[in-house]
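Data block below; observations after.
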Amino acid sequence: MSLAPESTKAVLSPGCLRRVHHIAFNVRDMQASRHFYGTILGLHELTGEEVPTTLVKLVAEGKVANFVTPDGTVIDLFWEPDLAPPDPDPEKAFTRANHLAFDIDPKLFDQAVEVLRQHHIPIAQDIVTRPTGRGIYCYDPDGFIIEIRCDPDNA
């Protein structure tokens, strides 16, 4: 049995995938995660008619919460109370994903850092400055790394 050469296999053309539709996270503590994504990071939690029809029942049961970023990307939180981190040491990276990065206006970056510190959010890596801008890495309630980053402030 021979396999078709790689060049004859069908592929998606560049541009076919239009945008990220949603990101789903399994979370151990729904209330802590809702507080982190909704209150601390300020993302809008979908309620009522905003909830996708396929998730209405799970949201009503408290098993799912949905948040939307300003660019329209939905973050779904799925409650998995028995979820264990990949490793008890939060310094060890997740095996399949590294981090989720949020962009912020450079004028608001320092305020975001202060909010993280005031809420005692564990910091994975303090402020880094690169030619591409500044960023800070913290942990969500389940130990997943969240980056808040901004482009260089040219003002």
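Quick note: residue numbers are just sequence positions, from 1. None of the values given here were measured: they were computed from a predicted structure. Computed over heavy atoms, backbone and side chain alike; hydrogens, waters and symmetry mates excluded.
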Does any part of the side chain of [Y], heavy atoms only, come nearer than 4.5 Å to the side chain of [X], both counted from C-beta?
{"X": "Asp71", "Y": "Asp103", "result": "no"}
{"X": "Gln31", "Y": "Arg34", "result": "yes"}
{"X": "Ile146", "Y": "Ile121", "result": "no"}
{"X": "Phe36", "Y": "Asp29", "result": "no"}
{"X": "Ile136", "Y": "Asp126", "result": "yes"}
{"X": "Glu45", "Y": "Val59", "result": "no"}
{"X": "Leu41", "Y": "Phe67", "result": "no"}

Please evaluate residues Val27 and Phe78 with respect to the criterion side-chain contact (heavy atoms from CB on, under 4.5 Å), reporting the C-alpha separation (whole Å), side-chain torsions for both, the decisive distance (0.1 Å), and the verdict. CA-CA 6 Å; Val27 301; Phe78 286 84; over 6 Å; no

Find the distance between [atom1] ([X]) and [atom2] ([Y]) and round it off to the nearest 0.5 Å.
{"X": "His35", "Y": "Met30", "atom1": "NE2", "atom2": "CE", "result": "15.0 Å"}
{"X": "His99", "Y": "Cys138", "atom1": "NE2", "atom2": "SG", "result": "11.0 Å"}
{"X": "Arg134", "Y": "Asp151", "atom1": "CZ", "atom2": "CG", "result": "12.0 Å"}

With Ile148, which of Leu108, Val115, Leu116, Val113 fulfils side-chain contact (heavy atoms from CB on, under 4.5 Å)? Leu116

Would you mind telling me which of Ile23, Asn26, Leu55 makes a side-chain contact (heavy atoms from CB on, under 4.5 Å) with Asp76? Leu55

Please say whether more than 12 non-hydrogen atoms of neighbouring residues, nucleotides or ligands are located less than 6.0 Å from CD in Glu49. no

Could you report the tightest heavy-atom contact between [X] and [Y], atom names first, then the distance?
{"X": "Cys150", "Y": "Asp105", "result": "CB-C, 4.3 Å"}
{"X": "Arg149", "Y": "Thr132", "result": "NH2-O, 3.0 Å"}
{"X": "Pro106", "Y": "Pro152", "result": "CG-O, 4.3 Å"}

Any link between [X] and [Y] through a network of hydrophobic side chains (Ile, Leu, Val, Met, Phe, Trp, Tyr) touching at under 4.5 Å?
{"X": "Leu46", "Y": "Phe25", "value": "no"}
{"X": "Ile40", "Y": "Leu100", "value": "yes"}
{"X": "Leu77", "Y": "Leu58", "value": "no"}
{"X": "Ile104", "Y": "Phe102", "value": "yes"}
{"X": "Val64", "Y": "Tyr37", "value": "no"}

With the threshold set at 4.0 Å, does a side-chain nitrogen-carboxylate oxygen contact exist between Arg28 and Asp140? no

